[in-house]
S.K.: 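Below is a structure I'd like to ask you about.
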Amino acid sequence: MKIQQNISLKEYNTFGIAANAKRFISVSSVYELQQLLKTEKEVFLLSGGSNMLLTKDIDMLVVHLNITGVSIDTEDDKHVYLTVNAGEDWHEFVLWCIANDYGGIENLSLIPGNVGTCPIQNIGAYGVEVKDTITKVEGLEVATGKLVSFSNEDCKFGYRNSIFKNTHKGKIVLTSVGFKLTKKDHQLNTSYGAIKTELASRKVIKPTLKDVSDAVIAIRKSKLPDPKEIGNSGSFFKNPVISKKQFLEIQKVHANMPNYIVSENEIKIPAGWLVEQSGFKGKRFGDAGVHEKQALVLVNFGNASGQDILELAKKIQITVFSKFQISLEIEVNIV
Ligand code: EPU
């Protein structure tokens, strides 16, 4: 364990933003992290760096969480219970589960980031949210270094949300996540239109976990930029929820606006559609831009700063608001 000085964080965030850490340390065990928290009171936690936009250099000590390892706690006929350390790469973990025929997270294939951050924003894709497989989340209290454990209920999961984004933001370092996955009678979720189409085009009739995962990987690759090639953080905005009254007003002008019913009086509108209708899809402003195939994803073509991306996001928010009177909320953590 050694603190390094003036380290560029470009390789540590999927947006590829070249902000600097004044001091940087990588920890590979809970014990190391506990020791560190005894002496350092203000730390900046960095895991997979897949859901953040760095808009400035970091003065605090940047702690890179590199605690890895997967263990099987217990299993019965139908289920396996796993504890996965925070530093494991999410997609590698999904592939490992599929290779072992453990079901439940196959729809979440190819999502960038580490296991330790999946509960924070309750990652979700193609009709599945990670909260449905999480049994517990463990971590350390930043202030005391004390071990803490949260049940699924304690986490208060919601759409792209949990207590780790709200009341507990910055207060807990997540060190491991517990999962309950199926060993047989897998509950495949293939209702999402794009998955159905992809499986049909592959002539798959009775899909396996791997078939679903392969379909999701193909869909994501066709729509979403690979952060290794073009910097990005996935969906930059949340899909907004509007009132039914407002929805009906907008629909008079935009009859084909995609929408999902949330409740009797609430309708969710895809932010990607709003951004596209506002003329931003595929637009580039210097090295900051909007992805050409999915307008919900802002991209860094190489040397954009966090401020460049944020300015573009603000421009989009203003345009969408003036056209639709809908406020787009940023999903990515702005640092
Ligand atoms: N749409 C457009 N233009 C676009 C993009 C989308 O008109 O440029 C329309 C599509 O035609 C479709 C609708 O918007 O009717 C929904 O698009 P899509 O299926 O791509 O899903 P999304 O709502 O835009 C969400 C998640 C993604 C996740 C997909 C698939 C959020 C904020 N985003 O996107 O998550 O992969 O569903 O389930 O909920 C992420 O969080 O990083 C992420 C990529």
Side-chain angles (χ1 to χ4, degrees), residues 13-15 48-53 90-91 94 105-114 117-132 157-162 165 189-198 212-213 215-227 230-242 247 250-251 254-262 267-283 289-300 309 313 316-317 319-320 323-324 326-333:
N13 69 101
T14 60
F15 243 125
S50 60
N51 200 39
M52 59 163 63
L53 179 67
W90 173 259
H91 180 59
V94 174
I105 53 174
E106 53 288 346
N107 291 41
L108 306 179
S109 298
L110 211 62
I111 294 185
N114 288 354
T117 39
C118 78
I120 300 178
Q121 52 149 336
N122 178 23
I123 57 172
Y126 309 107
V128 170
E129 287 184 322
V130 76
K131 72 173 172 60
D132 297 326
F157 290 120
Y159 166 63
R160 294 292 195 274
N161 215 347
S162 75
K165 268 181 107 166
N189 193 328
T190 55
S191 56
Y192 199 91
I195 296 192
K196 265 193 203 156
T197 314
E198 185 64 33
V212 176
S213 171
V216 168
I217 290 172
I219 300 163
R220 287 190 79 95
K221 279 193 173 158
S222 72
K223 276 195 183 178
L224 299 166
D226 180 352
I230 305 175
N232 75 90
S233 245
S235 300
F236 196 85
F237 301 103
K238 283 189 184 180
N239 286 334
V241 174
I242 61 172
F247 169 70
I250 302 174
Q251 214 188 22
H254 301 276
N256 56 0
M257 169 168 61
N259 60 87
Y260 316 101
I261 296 168
V262 176
I267 314 280
K268 193 182 267 186
I269 309 295
W273 184 84
L274 295 167
V275 177
E276 178 170 355
Q277 294 298 313
S278 303
F280 284 98
K281 192 169 183 170
K283 286 278 160 64
V290 179
H291 189 51
E292 55 182 1
K293 293 185 192 138
Q294 165 56 291
L296 192 49
V297 179
L298 302 194
V299 293
N300 171 13
I309 304 279
I316 292 171
Q317 283 173 315
T319 314
V320 167
K323 198 171 159 71
F324 296 99
I326 296 177
S327 303
L328 285 186
E329 193 188 328
I330 292 178
E331 202 258 318
V332 168
N333 291 310

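As the structure is a computational prediction, the values presented were derived from the model and not from experiment. Atoms within each ligand, like the ligands themselves, are counted from 1 in listed order.
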S.K.: Quick one: look at Gln294 and ligand 1, take heavy-atom pairs under 4.0 Å, and tell me if it's side chain, backbone, both or neither.
M.R.: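 Gln294 to ligand 1: contacts from backbone and side chain alike.
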S.K.: Tell me which protein heavy atom sits closest to atom 8 (O) of ligand 1, plus the residue, atom name and distance to 0.1 Å.
M.R.: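 Among all protein heavy atoms, the one nearest atom 8 (O) of ligand 1 is Ala295 N, 2.8 Å.
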S.K.: When you measure from the side chain of His291 to the backbone N and O of Lys223, does any donor-acceptor pair fall under 3.5 Å?
M.R.: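 It does hold such a pair.
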S.K.: Under a heavy-atom criterion of less than 4.0 Å, does Arg220 contact ligand 1?
M.R.: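 Yes, that is the case, since the closest heavy atom of the residue is under 4.0 Å from the ligand.
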S.K.: With atom 28 (C) of ligand 1 as the reference point, say which of Pro112, Ala194, Ala125 has the nearest heavy atom.
M.R.: Ala125
S.K.: Return the set of residues passing ring pair (Phe, Tyr, Trp, His ring centres under 6.0 Å) with Phe324 (not counting sequence neighbours), or none when no residue passes.
M.R.: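 For Phe324, the residues satisfying ring pair (Phe, Tyr, Trp, His ring centres under 6.0 Å) (neighbours in sequence not counted) are His254, Trp273.
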S.K.: Please determine whether side chain to side chain contact (heavy atoms under 4.5 Å, CB included) holds for the pair Ser162 and Asn122, giving the CA-CA distance in whole Å, both sets of side-chain angles, and the decisive distance to 0.1 Å.
M.R.: CA-CA 7 Å; Ser162 75; Asn122 178 23; 5.5 Å; no
S.K.: May I ask you to check whether Lys238 has an N/O atom sitting below 3.5 Å from an N/O atom of ligand 1?
M.R.: no
S.K.: Can you sort out which atoms of ligand 1 are near Gly272, meaning under 4.0 Å from one of its heavy atoms?
M.R.: 2 (C), 3 (N), 4 (C), 5 (C), 8 (O)
S.K.: Do me a favour and list the nearest non-hydrogen protein atom to atom 7 (O) of ligand 1 with residue, atom name and distance?
M.R.: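 Checked against all protein heavy atoms, atom 7 (O) of ligand 1 sits closest to Trp273 CD1, 3.2 Å.
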S.K.: Determine yes or no for a side-chain-to-main-chain donor-acceptor pair under 3.5 angstrom, with Asn239 supplying the side chain and Lys268 the backbone.
M.R.: no
S.K.: Tell me if a side-chain donor or acceptor on Asn107 pairs with a main-chain N or O of Asn189 at a distance below 3.5 Å.
M.R.: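 Side chain of Asn107 to backbone of Asn189, a donor-acceptor pair under 3.5 Å: yes, one is there.
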S.K.: Report the nearest protein non-hydrogen atom to atom 34 (O) of ligand 1: residue, atom name, distance rounded to 0.1 Å.
M.R.: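 Result for atom 34 (O) of ligand 1: Leu296 CD2, 3.9 Å.
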S.K.: With heavy atoms of Lys281 as the reference, note each atom of ligand 1 found under 4.0 Å away.
M.R.: 3 (N), 4 (C), 8 (O)
S.K.: Check each heavy atom of Ser235 against ligand 1 and say whether those closer than 4.0 Å belong to the side chain, the backbone, both or neither.
M.R.: both
S.K.: Are any of the side-chain heavy atoms of Val262 and Tyr159 separated by less than 4.5 Å?
M.R.: no
S.K.: Measure Phe236 to ligand 1 on non-hydrogen atoms and call it side chain, backbone, both or neither using the 4.0 Å cut-off.
M.R.: neither
S.K.: Looking only at distance, does Arg160 have an N or O less than 3.5 Å from an N or O of ligand 1?
M.R.: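 So ligand 1 has an N or O lying under 3.5 Å from an N or O of Arg160.
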S.K.: Return the OG1 to CD1 distance between Thr197 and Ile219, rounded to the nearest 0.5 Å.
M.R.: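 Rounded to the nearest 0.5 Å, the OG1-CD1 separation comes out at 7.5 Å.
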S.K.: Got a protein heavy atom sitting under 4.0 Å from atom 32 (C) of ligand 1?
M.R.: yes
S.K.: With heavy atoms only and a cut-off of under 4.0 Å, state how Phe237 meets ligand 1: side chain, backbone, both or neither.
M.R.: backbone
S.K.: Where is the nearest protein heavy atom to atom 3 (N) of ligand 1: which residue, which atom, and how far?
M.R.: Glu276 OE1, 2.6 Å
S.K.: With rounding to the nearest 0.5 angstrom, report the CZ to CG distance, Phe236 to Leu328.
M.R.: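 Going from the CZ atom of Phe236 to the CG atom of Leu328 covers 11.0 Å.
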S.K.: Around atom 21 (O) of ligand 1, find the nearest protein heavy atom and jot down its residue, atom name and distance.
M.R.: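 Here the closest protein heavy atom is Tyr192 OH, 3.6 Å.
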S.K.: Can you tell me how far apart CD (Glu331) and CG (Leu296) are? Round to the nearest 0.5 Å.
M.R.: 8.5 Å
S.K.: Within the structure, does Tyr260 bring an N/O atom to less than 3.5 angstrom of an N/O atom in ligand 1?
M.R.: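 No: no nitrogen or oxygen of Tyr260 is under 3.5 Å from one in ligand 1.
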S.K.: Does the N or O separation between Lys293 and ligand 1 drop below 3.5 Å for any pair?
M.R.: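 Not met; the criterion fails.
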S.K.: Name the option, out of Pro270, Ser233, Gly234, Gly113, that contains the heavy atom nearest to atom 13 (C) of ligand 1.
M.R.: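 When every heavy atom of Pro270, Ser233, Gly234, Gly113 is considered, Pro270 comes closest to atom 13 (C) of ligand 1.
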S.K.: Using a 4.5 Å cut-off on heavy atoms from C-beta on, say whether the side chain of Leu110 contacts that of Lys221.
M.R.: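 Lys221 vs Leu110: side chains touch.
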S.K.: Is there a donor-acceptor pair under 3.5 Å between the side chain of Thr14 and the backbone N or O of Asn232?
M.R.: yes
S.K.: Among protein heavy atoms, which lies nearest atom 30 (C) of ligand 1, and at what distance?
M.R.: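 Going by distance alone, atom 30 (C) of ligand 1 is nearest to Tyr126 CE2, 3.4 Å.
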S.K.: If you measure every N or O of Lys223 against every N or O of ligand 1, does any of those distances drop under 3.5 Å?
M.R.: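 Indeed, backbone or side chain, Lys223 has an N or O that close.
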S.K.: Strictly inside 4.0 angstrom of atom 11 (O) of ligand 1, do you find any protein heavy atom?
M.R.: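 Given the 4.0 Å limit, the answer for atom 11 (O) of ligand 1 is no, no protein heavy atom qualifies.
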S.K.: I need the single residue from Ile217, Leu108, Asn114 that forms a side-chain contact (heavy atoms from CB on, under 4.5 Å) with His91. Which is it?
M.R.: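 Exactly one option meets the side-chain contact (heavy atoms from CB on, under 4.5 Å) with His91, and it is Ile217.
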S.K.: Where is the nearest protein heavy atom to atom 25 (C) of ligand 1: which residue, which atom, and how far?
M.R.: Asn239 ND2, 4.3 Å
S.K.: Which residue holds the protein heavy atom closest to atom 39 (O) of ligand 1, what is that atom called, and what is the gap in Å?
M.R.: Tyr159 OH, 2.7 Å
S.K.: When rounded to the nearest 0.5 angstrom, what distance separates CD1 in Ile330 from OG in Ser233?
M.R.: 11.5 Å
S.K.: Which residue in the set Leu298, Thr319, Leu274, Val320 passes side-chain contact (heavy atoms from CB on, under 4.5 Å) when paired with Phe280?
M.R.: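 Exactly one pass, corresponding to Thr319.
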S.K.: Tell me which part of Pro258 gets within contact of ligand 1: side chain, backbone, both or neither, using heavy atoms under 4.0 Å.
M.R.: side chain
S.K.: Do Ile250 and Ile242 have side chains that approach each other closer than 4.5 Å (heavy atoms only, starting at C-beta)?
M.R.: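 Of all side-chain heavy-atom pairs linking Ile242 with Ile250, at least one is under 4.5 Å.
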